[in-house]
**Q** 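Just passing along the structure, written as structure tokens.
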Amino acid sequence: MAKAIPKKGSRGRIGSRKSIRKIPKGVIHIQASFNNTIVTVTDVRGRVVSWSSAGTCGFRGTRRGTPFAAQTAAANAIRAVVDQGMQRAEVMIKGPGLGRDAALRAIRRSGILLTFVRDVTPMPHNGCRPPKKRRV
């Protein structure tokens with residue numbers, strides 16, 4: 001077997017790939033379903049800076065849909081961006097879950113100034129026929 005000849009400039013990566021950039025303003029997306037709550041923090045252009053969910057915080061099963069799990073997920077996502085210098089944010093809330101208010105409360109407590117809070121839950125204008133009602 002012939003030995004592979006090493007390339008001249010391939011010494012490996014010297015610094016870390018992720019560069020820590022200052023983000024003064026961002027958008028916080030809260031997606032609250034009945035089973036889970038996902039909090040995503042992006043910059044104003046829409047590039048994801050940090051995210052967290054109730055599942056990644058260690059909650060499993062029915063506990064993922066609780067308000068406390070949503071509060072923990074929001075605090076985890078916000079902690080990373082506060083270190084990067086975020087001071088102001090817009091909040092977009094989507095979904096009917098229990099974690100909507102708890103996640104918003106956790107964001108308010110973090111010290112970030114909220115410019116506005118918008119509900120972006122998709123509402124049909126009498127679109128598709130809904131599934132038949134459950135008979136329990």
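The structure presented is a predicted model; accordingly, all values stated were derived computationally and were not measured.
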**Q** According to a hydrophobic-cluster definition based on side-chain heavy atoms being under 4.5 Å apart (Ile, Leu, Val, Met, Phe, Trp, Tyr only), do Val44 and Val120 belong together?
**A** no
**Q** When rounded to the nearest 0.5 angstrom, what distance separates CD1 in Ile28 from OG in Ser110?
**A** 6.5 Å
**Q** In the structure I gave you, are the side-chain heavy atoms of Thr40 and Gln31 within less than 4.5 Å of one another anywhere?
**A** no
**Q** Would Trp51 end up clustered with Val41 when hydrophobic side chains under 4.5 Å apart are linked, directly or stepwise?
**A** no
**Q** Within this structure, what is the CZ-OG distance for the pair Arg79 and Ser52, rounded to the nearest 0.5 Å?
**A** 9.0 Å
**Q** Return the CD1 to CD1 distance between Ile30 and Ile38, rounded to the nearest 0.5 Å.
**A** 12.0 Å
**Q** Quick check on Arg47: does its CZ atom have over 12 non-hydrogen neighbours (other residues, nucleotides or ligands) under 6.0 Å away?
**A** yes
**Q** With sequence neighbours excluded, tell me which residues meet ring pair (Phe, Tyr, Trp, His ring centres under 6.0 Å) with Phe34.
**A** none
**Q** Looking at CD of Gln71 and CG of Asn76, how far apart are the two atoms once the value is rounded to the nearest 0.5 Å?
**A** 11.0 Å
**Q** Roughly how far, to the nearest 0.5 Å, is the OG atom of Ser53 from the CZ atom of Arg64?
**A** 7.5 Å
**Q** Looking at every non-hydrogen atom in both residues, tell me the closest pair between Asn36 and Ala54 and how far apart they are.
**A** OD1-CB, 3.2 Å
**Q** Tell me which donor-acceptor pairs under 3.5 Å the side chains of residues 88-109 have, and how far apart each pair is, sequence neighbours excluded?
**A**
residue	atom	partner	partner atom	Å
Glu90	OE2	Lys25	NZ	2.8
Arg100	NH1	Gly95	O	2.5
Arg100	NH2	Asp119	OD2	3.3

